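Quick notes on the structure that follows.
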Number of protein chains: 4
Amino acid sequence: MQSKNRPVGQKRASFIEEARRTQIIESAIETFSDLGYANTSLARVAERAGISKSVISYHFAGKTELMEQIVEQVYLDIAQFVLPRTEKETTATGALRANIRSVAEYMRDHRAQLLALGEIFNNLRTPEGERRYGVAFNEQVYEGREAIFRRGQQTGEFRAFDPRVMSVTVQSAIDGMFGYWVTYPEHDLEAHADELADLFEHATRAERPDEKANR
Amino acid sequence: MQSKNRPVGQKRASFIEEARRTQIIESAIETFSDLGYANTSLARVAERAGISKSVISYHFAGKTELMEQIVEQVYLDIAQFVLPRTEKETTATGALRANIRSVAEYMRDHRAQLLALGEIFNNLRTPEGERRYGVAFNEQVYEGREAIFRRGQQTGEFRAFDPRVMSVTVQSAIDGMFGYWVTYPEHDLEAHADELADLFEHATRAERPDEKANR
Amino acid sequence: MQSKNRPVGQKRASFIEEARRTQIIESAIETFSDLGYANTSLARVAERAGISKSVISYHFAGKTELMEQIVEQVYLDIAQFVLPRTEKETTATGALRANIRSVAEYMRDHRAQLLALGEIFNNLRTPEGERRYGVAFNEQVYEGREAIFRRGQQTGEFRAFDPRVMSVTVQSAIDGMFGYWVTYPEHDLEAHADELADLFEHATRAERPDEKANR
Amino acid sequence: MQSKNRPVGQKRASFIEEARRTQIIESAIETFSDLGYANTSLARVAERAGISKSVISYHFAGKTELMEQIVEQVYLDIAQFVLPRTEKETTATGALRANIRSVAEYMRDHRAQLLALGEIFNNLRTPEGERRYGVAFNEQVYEGREAIFRRGQQTGEFRAFDPRVMSVTVQSAIDGMFGYWVTYPEHDLEAHADELADLFEHATRAERPDEKANR
DNA sequence: GATGAATGAGCGTTCATTCAT
DNA sequence: TATGAATGAACGCTCATTCAT
C-alpha cells in the first residue's frame, strides 16, 4: 500500500499509482452521488471503474480511507476555488456576496463532488459511533466567515448581530441552495445566489440611526 | 401486514397492535438517532425494544414501511405543534418569527425524532435509487411559507424578493440551527431562534423609499 | 442468538436449538479433524452439516465461540470419563496407571474429538495474538496429577522427584501416544498405554535403600 | 524459482541470492513464532523483512517451499548440534542423558526456530489435506534413539521394554519440556532436562534380579 | 534481481426477509 | 399475536500468486 507510511526519501507515488487513486476516487464520487451512501459498496465502485474490487483495497487502506480522501480532496478543491474570489473583495458586503456567488459557480460544475461530500459528511461515523465529520468540521469555514462579519461590524458597515449565528445561517443557506438545485436542476443557480447575496446584505447592513432609535 | 389495506368494516387496529407499533417506532427513532442510518438494522431496533426482530416484520411490511411511518408520524407531530402557533399571528413578520421560534421550541424536546427524521430523509431511497424524500417533499412547507411572504409583499410589509428562495433559505436556516445545536448542545437555541427571526426580519422588510432610490 | 445473555427465567434452549448446536459442533469437530485448523472455514463446516453457513452465525456468536464450545465440551467429556476411573484407585501407582489407561481407552473412541481439540488448542489465538489455550490451560490437569505424585512421595511409594516435571512429562507422553496412534492407526494403543504405565512406574517408584546409598 | 533444478554447470546461487533467502527465512521464522501459523502471511513476513512481498515469490516457489526450507534448515541445525554431543557418549544411559541435555541447551538459544518448526509441523498440509510433516517425519529420530535403547538392552544396562514406545515418549517429553518453558520462560530448563534424564534413567535401567522375581 | 500492480477466491459476518409453529 | 429458525445475498477485507517492467 503506497498510500501511507511511505518510507522517507522514497520517490513519491508513481504516476500509475496516482492515476489509479484518482480514477478510483472519481468512480467513488460518482457512485456516492448516484446511489447514496448506503448503496455505495466497494464492489459497486469497482464495477463503475471497470476494475476488480481488490484493486481498491490495494490502493486504499480501506473503505474509510477512500471516503476520507474524497472529503479531503473535494474540500481542498472548493477552498482553492472560493477563497481567492472572496479575498480579493475589499468591503465585507462584497466579500460575502463574492463568497456566495463563487460557491454557486463551483456547484454548477461539481454537482457530483458536492453530493458525494454530503453523503459522506452526513453518514460516515467512527467505529465508536460518533460522526466522523459533522458541523464541528465546518469550524474553519465558520471562523473565516465570522471574520468578515466582525470586520464589517467594526467598520460600521454591518449592524450588530451574532456573527456565529449569521455564519452558520449563511452556510445553511448555501447548502440549501445546493439541495434545491439538485432536486430542480432547471432552477437558476446564479439568480438564487444573487437573491441570497441580497438577502444577507439586507440582513447584515447597518441600520439607519432613526431606525435603531425606533426599535 | 395489518398496517395497510385493512379490509373495510374490520375493526381498527387493536389496542395491543397500536401499542406495539408505537413501541417499535420509538425504538427505531432512538436507534436512528443514536447510531445513524447506516448502522440501524432491524436487529438493533428489536434489541432496543426488547423484542424479537421478527415482531417488527409482523407489524410492518418491511424496513421501508417502518421508516415511512416514522417520517409520517414525526411530520404530523411537528405540524400540529408549529402550525397553530404560526397561524395565530396577524402580521407576516410576526408569523415568520412565530414560525421560527416554535420550530426551535419543538426541537428542544424532540431531538431524537428530528435526528431520526433527518437520517431517513437524507438516506432512504426507492428501489430504483432515487431519494424517497428530498427537497421536493418540503414543497408543502415551502408553499406555506411562501404564502406568508406573498402576503407581506402585498401589504407592503416586505420588500420585493423571490418568495421561493426566501422560503428555502428559512428552512435551511432552521435546519442549520438544529444541526448546530445537536453538535453543541449547550448552544442557546432560543437565542439562536431570535437571532434568526431578526435576521429574516431585516432580510424581508420593506426598504424606505430613499434607500431604494439610492441603489 | 440463544447462546448468550439468555434472559433470566427464560426457558432453557429449545430442543431444536440444542440439536442444531450439537450438529454444528459435531460437523466442526470432523472438519477440524480432517482438514486441520487452517483449512477449516465456516463454509466447510456448514457444507458438512448440510446447512447454510449463516445458520452457524445464527447459533454461535462467531467462529471463536464455536471453537470455544468444542474445547469446553470435549474437555468435559474427557474429564467425565477419566476422573472416576482414576479416583477409584487407592495406591498412587494404581491411580497413575488407571489414568494413563483410561485416557488411552477414551482416545480409541474419540479420535476426531481429540484431534479437533488439538487443532484448536495449538492454533486459536486471542485478537492480541496470544494463544487462547496453551500449556497454562493444562494447569488443572497438572495439579491433579501432581497431587497423586505428592501423595505417593509422602507414603514412601515414590522416590524423590520434581512432581511438576513428572506431571508435565506424563501429559506429554499421553499426547505423544495419541499422535503416534493417529499416524499409525494399527498401532496397539492398549499395549502402548501399558508400556507407559510401566515406564512411569519405574520412573517414580521408591529406590531401595542400598540403591540410594550407592548413588 | 532459482532454488531448485539449477542447471548443471551453472554457478551456485550467488551470494546475494543466499543472503536474501536467509533473510527471508529468518523473518519468516520470527513471524511464525510470534503470530502463529494461521496469522503468518507472506505480506507479514515481507513487512518484517522490510521488503516487498513479491521478493519472496521471486526467491521461493511459493509459501509452501518457504515453509519446507524452514523445516529443513532448522532440522539440520538441530541435528548438527545434538548428534555430536550424543554420539561421544559410550554408555547408553550417558547417550540418553546427553541427548536430552543437548536438546535442552539448543532450545535455550533457538526458541523462535523451534516454535516456527512446531507451527509448520503441526499445520502444514498437502493439497490433498494430509499432514505434510507429522509423527512419521520423526522416524529418523525415533530410529536413532531406538538404537541406543537396543544397545543398552543388549549390554544388560537397560531392562526389557518396547524401544519404540520409549523413543516416542522421550521425544514427547522433550517436546513437552519445550512447550512448558515457552509458557513459563522463567522455568529452569536445565533442571528440567536433568529431571528428565533421571526419569528416563529410572525408567530404562535394568531391574535387580530380586526385584524382577517379586513382580 | 526486484517489485509495483493487479486479481480471483475465499474469508467471517451482517442483513432483511420468510415461514412454520 | 408472536417468534425461533433459517437463508441467500451482499458486505469489507485478506490472501497467495502472477506478470510486465
Side-chain angles (χ1 to χ4, degrees), chain A residues 1-2 10-11 13-17 19-21 38-46 51-66, chain B residues 1-2 13-14 16-17 19-20 38-46 51-66, chain C residues 1-2 10-11 13-17 19-21 38-46 51-66, chain D residues 1-2 13-14 16-17 19-20 38-46 51-66:
Chain A
M1 187 68 44
Q2 277 67 18
Q10 186 161 334
K11 279 188 290 190
S14 70
F15 171 74
I16 198 166
E17 158 80 6
R20 263 280 187 263
R21 282 176 70 91
N39 295 322
T40 295
S41 66
L42 294 189
R44 286 229 172 80
V45 173
I51 56 177
S52 165
K53 76 175 168 170
S54 53
V55 178
I56 301 178
S57 295
Y58 178 73
H59 291 281
F60 296 88
K63 197 188 186 186
T64 301
E65 199 217 328
L66 172 57
Chain B
M1 311 294 198
Q2 276 70 13
S14 70
I16 198 166
E17 159 81 6
R20 265 279 190 255
N39 296 322
T40 294
S41 66
L42 294 187
R44 286 225 172 79
V45 173
I51 58 178
S52 164
K53 76 175 169 174
S54 49
V55 179
I56 300 178
S57 296
Y58 178 73
H59 290 281
F60 296 88
K63 197 187 185 186
T64 299
E65 201 218 327
L66 172 56
Chain C
M1 187 70 45
Q2 280 67 19
Q10 185 159 338
K11 279 189 289 191
S14 71
F15 171 73
I16 197 164
E17 157 83 2
R20 263 280 186 263
R21 282 176 70 91
N39 296 320
T40 295
S41 66
L42 294 188
R44 285 230 173 77
V45 173
I51 56 177
S52 165
K53 76 174 169 171
S54 53
V55 179
I56 300 179
S57 295
Y58 177 72
H59 290 282
F60 295 89
K63 197 188 187 188
T64 300
E65 200 217 328
L66 173 56
Chain D
M1 313 289 198
Q2 277 69 12
S14 70
I16 198 164
E17 158 81 7
R20 265 279 190 257
N39 295 323
T40 295
S41 66
L42 294 188
R44 285 223 173 80
V45 173
I51 57 178
S52 165
K53 78 176 168 174
S54 49
V55 178
I56 301 178
S57 297
Y58 179 72
H59 289 281
F60 296 89
K63 196 186 186 186
T64 300
E65 201 219 327
L66 172 57

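Numbered from 1 within each chain, the chains take letters A, B, ... in sequence-line order. On a predicted model such as this, the values are computed, not experimentally measured, just so you know.
Rounded to an integer number of Å, the gap from CG of L66(C) to P of dC11(E) is 15 Å. The interatomic distance linking F60(B) (CZ) with dT18(E) (P) rounds to 16 Å, in whole Å. The distance between atom CD1 of I56(C) and atom C1' of dC11(E), rounded to the nearest whole Å, is 13 Å.
Taking both residues in full, the closest heavy atoms of R21(C) and H59(C) are given as NH1-O, 2.7 Å, listed atom of the first, atom of the second, then distance. The minimum heavy-atom distance between A46(D) and S52(D), with the atom names listed, is CB-C, 4.0 Å.
Among the heavy atoms of the strands lying under 4.0 Å from I16(A) are primed sugar atoms or P, OP1, OP2 only; no base atom is included.
Between H59(C) and dG4(F) there is no side-chain polar atom (N or O) within less than 4.0 angstrom of OP1 or OP2. Dashed line: the shortest gap from a side-chain N or O of S14(C) to OP1 or OP2 of dG4(F) is not under 4.0 Å. OP1 or OP2 of dG4(F) has not a single side-chain nitrogen or oxygen of R20(C) nearer than 4.0 Å.
In this view, L42(C) and I56(C), K63(C), L66(C) satisfy the side-chain contact (heavy atoms from CB on, under 4.5 Å) rule, not counting sequence neighbours. In terms of the side-chain contact (heavy atoms from CB on, under 4.5 Å) criterion, residue partners of A43(A) (sequence neighbours excluded) are, by chain and number, S41(A), K53(A). With sequence neighbours excluded, no residue satisfies side chain to side chain donor-acceptor pair (under 3.5 Å) with T64(B). Not a single side chain to side chain donor-acceptor pair (under 3.5 Å) links R44(A) to another residue, sequence neighbours left out.
With DNA chain F read from its 5' end, the first of the two nearest nucleotides for I51(C) and A38(D) is the one closest to I51(C).
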Could you spell out the base pairing of DNA chain E in dot-bracket, with Watson-Crick or G-U pairs whose two distances are under 3.5 Å, [ ] crossing and | to another strand? .||||||||||||||||||||
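You'll find that the side chain of S52(B) is closest to dG4(F), out of dG4(F), dT7(F), dA6(E).
For the atom pair Y58(B) OH and R20(B) CZ, the distance stands at 11.0 Å (nearest 0.5 Å).
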Strictly under 3.5 Å: I want the nitrogen or oxygen pairs between protein and nucleotides 10-14 of chain F, one per line.
from: dC11(F); atom 1: OP1; to: S41(A); atom 2: OG; distance (Å): 2.8
from: dG12(F); atom 1: OP1; to: K63(A); atom 2: NZ; distance (Å): 2.9
from: dG12(F); atom 1: OP2; to: L42(A); atom 2: N; distance (Å): 3.0
from: dG12(F); atom 1: N7; to: K53(A); atom 2: NZ; distance (Å): 3.4
from: dC13(F); atom 1: OP2; to: K63(A); atom 2: N; distance (Å): 2.8
from: dC13(F); atom 1: N4; to: K53(A); atom 2: NZ; distance (Å): 3.1

